[in-house]
Amino acid sequence: MNGIATTVAGLDFRNPVVLASGTAGFGIEIDDVVDLDAVGGISTKAVSIAPRTGNPALRVSEFAGGMINAIGLANPGLEAVKRDYLPWLPANHPGTRVFVNVVGNSIDDFATVVHAIDGMPGIDAFELNVSCPNVKAGGLEFGADHQALAALVAAARGRTSRPIFVKLSPTLGAGIADTAKVAVDAGATGLTLVNTMPGLVIDTHKRKPKISFGSGGLSGPAVLPIGVLATWRVSRALPGVPLIGLGGVSTGDDAVQYLLAGASLVGVGTAALRDPRAPERIAQQMAAWARREGVRDLTSIIGTLQWPS
């Protein structure tokens, strides 16, 4: 697929498609259904210091616009991830870039996970999930508190020289560009835009929420315009900063929208859960779009959206 290879944050990607965190495990879980050599990279399931069992079932439910989920950041914990999961992908799919998604309840948690994983071979970058609550600050999300966010990113940067991407919430609205700048000024290499959108889906027969936690994160086609707008806002405020556009991508055209809005890479999540061939197909459709439009190099269209005058 000539013309869709790209280099972002000093890393070479065979194409801009990255499997979104929480939808692909650590790669090994989906190896028999998704062609991991057909995507540019994968962002792993979230990693915390201690194991997390997550929320009780039912954790996921579909609706007309996509999916609502409340997984609860379930994962085996840092030591098990290092021992049993992270070595597999570089050993079996060395051309697929690995972003390790990191979560925590405090700034020290994030720094500890980054430091522990930083020395492992085959790990290309970190993705910090700052939509989780800062327990020491009374539950306020790190991404909603600029002072805490700056301290968190600086602490992580002090533990690694690898690229760091900060994953921001769409609930920041028009303020997402200001928050992104705080993260970059503190040492982030780039941003992932955006995380799921909070929402509620009700079972009208039972008169209860569809999932056991009650509310959850919305993903899928309904989120596409939200993610594209966030990407455009941040790319205008921080030109040249690498962005991973994420939310609602199910076709090559969706992915191209993110590039036009300023993203360098494009995350695919819910679409791959519905159809494991979707990531490969999306990359192929991006290449086909480039041929039709006479675009030799997809990087040439990044951020070229023509805004109405």
To the nearest 0.5 angstrom, please state how far the CG atom of L260 sits from the CD atom of Q257. 8.0 Å

Only one of T44, T96, V34 passes side chain to side chain contact (heavy atoms under 4.5 Å, CB included) with L19, and that residue is V34

Can you tell me how far the CD1 atom of I117 sits from the OG1 atom of T160, to the nearest 0.5 Å? 10.0 Å

Using side-chain heavy atoms (C-beta onward) and a distance below 4.5 Å, is I301 in contact with V256? yes

Between K181 (side chain) and A237 (backbone), is there a donor-acceptor pair under 3.5 Å? no

Are a donor atom and an acceptor atom from the side chains of D297 and T299 found within less than 3.5 Å of each other? yes

Flag, side chain of E29 to backbone of G27, donor-acceptor distance under 3.5 Å: yes

Is the side chain of N75 donor-acceptor paired with the backbone N or O of L73 at a distance under 3.5 Å, no angle test? yes

The reported gap from OG in S43 to CG in N101 (rounded to nearest 0.5 angstrom) is 4.5 Å

Ignoring hydrogens and angles, tell me if any N or O in the side chain of S169 forms a donor-acceptor pair with the backbone of L172 under 3.5 Å. no

Apply side-chain contact (heavy atoms from CB on, under 4.5 Å) to residues D118 and R159 and explain how you reach the verdict. CA-CA 8 Å; D118 185 55; R159 304 306 197 279; 6.0 Å; no

Looking at every non-hydrogen atom in both residues, tell me the closest pair between A278 and A271 and how far apart they are. CB-O, 3.6 Å

Without swapping roles, check the side chain of Q285 against the backbone of G252 for a donor-acceptor pair under 3.5 Å. yes

If we only count heavy atoms from C-beta on, is the S264 to L243 side-chain gap below 4.5 Å? no

Should V182 and V194 be counted in the same cluster of Ile, Leu, Val, Met, Phe, Trp and Tyr side chains packed under 4.5 Å apart? yes

Nearest-0.5 Å distance that lies between atom CG in L89 and atom CD1 in I123: 8.0 Å

Does this structure show an ion pair linking D124 with R97, if we count only N-O contacts that are shorter than 4.0 Å? yes

S219 and T196: side-chain donor and acceptor closer than 3.5 Å? no

Can you tell me if CZ on R274 sees more than 12 non-hydrogen neighbours from other groups inside 6.0 Å? yes

Got P276 and I30 here, is their nearest side-chain heavy-atom distance under 4.5 Å? no

Verdict with reasoning, N69 to R59, per side-chain contact (heavy atoms from CB on, under 4.5 Å): CA-CA 5 Å; N69 84 86; R59 297 178 174 187; 5.9 Å; no

Step by step, work out the side-chain hydrogen bond (donor to acceptor under 3.5 Å, both in side chains) result for H93 and D31. CA-CA 10 Å; H93 300 278; D31 191 42; 2.9 Å; yes

Stepwise side-chain contact (heavy atoms from CB on, under 4.5 Å) test for V113 and I49: CA-CA 6 Å; V113 173; I49 294 177; 3.7 Å; yes

Search all heavy atoms of V153 against all heavy atoms of A183 and return the closest pair with its distance. CG1-O, 3.5 Å

Heavy-atom side-chain contact between L259 and L298 under 4.5 Å: yes

Please check this pair: side chain of R157 against backbone of R162, looking for a donor-acceptor N/O pair closer than 3.5 Å. yes

R207 side-chain N/O to D203 backbone N/O, donor-acceptor pair under 3.5 Å: no

Treating Y85 as the side-chain partner and I28 as the backbone partner, does any N or O pair qualify as donor plus acceptor under 3.5 Å? no

Would you call V295 and W289 a side-chain contact if the rule is heavy atoms closer than 4.5 Å? yes

Short side-chain donor-acceptor distance under 3.5 Å, S131 and E141: no

Could you tell me if the side chain of R233 sits less than 4.5 Å from the side chain of L193, heavy atoms only? no

State plainly whether the residues R277 and D35 are in salt-bridge range, i.e. N to O under 4.0 Å. no

OG1 on T251 to CG on D254, rounded to 0.5 Å: 3.0 Å

At their closest point, which heavy atom of I68 faces which heavy atom of S215, and how far apart are they? CD1-C, 4.5 Å

Shortest non-hydrogen contact between A263 and G245, atoms and distance: CB-N, 3.6 Å

Closest non-hydrogen atom pair between G190 and V241, with its separation: CA-CG1, 3.9 Å

Cluster overlap I4 with Y258, hydrophobic side-chain contacts below 4.5 Å: yes

Counting N and O atoms only, with roles assigned by atom type, does the side chain of T6 sit under 3.5 Å from a partner on the main chain of F13, one being a donor and the other an acceptor? no

Under a 3.5 Å distance rule, please check whether R14 uses its side chain to pair with a backbone N or O of D37 as donor and acceptor. yes

Verify same cluster id: I226, F63 (apolar side-chain graph, 4.5 Å): yes

Is there a side-chain contact between M67 and L218, using heavy atoms and a 4.5 Å cut-off? no

Is there a chain of hydrophobic side chains (I, L, V, M, F, W, Y, each step under 4.5 Å between heavy atoms) that links M286 to L265? no

Per the side chain to side chain contact (heavy atoms under 4.5 Å, CB included) rule, which among L191, L152, L168, V100 passes with L128? L152

Can you tell me how far OG of S21 sits from CD1 of I42, rounded to the nearest 0.5 angstrom? 9.0 Å

Flag yes if V17 and L11 sit in one hydrophobic cluster, no otherwise; membership is Ile, Leu, Val, Met, Phe, Trp, Tyr, and two members link when side-chain heavy atoms are under 4.5 Å apart. no

Please say which of I164, V102, D109 ends up in a side chain to side chain contact (heavy atoms under 4.5 Å, CB included) with V114. V102

Indicate the atoms forming the closest heavy-atom contact of P225 with P221, along with that distance. CD-O, 4.0 Å

Does a side-chain N-to-carboxylate-O contact under 4.0 Å join K210 and E62? no

Min side-chain heavy-atom separation I71-N55 under 4.5 Å: no

Aromatic ring proximity F126/F165, centre distance under 6.0 Å: no

Under the criterion side-chain contact (heavy atoms from CB on, under 4.5 Å), I'd like the reasoning laid out for F26 against V47: C-alpha separation, chi angles, the key distance, then a yes or no. CA-CA 10 Å; F26 295 94; V47 181; 3.9 Å; yes

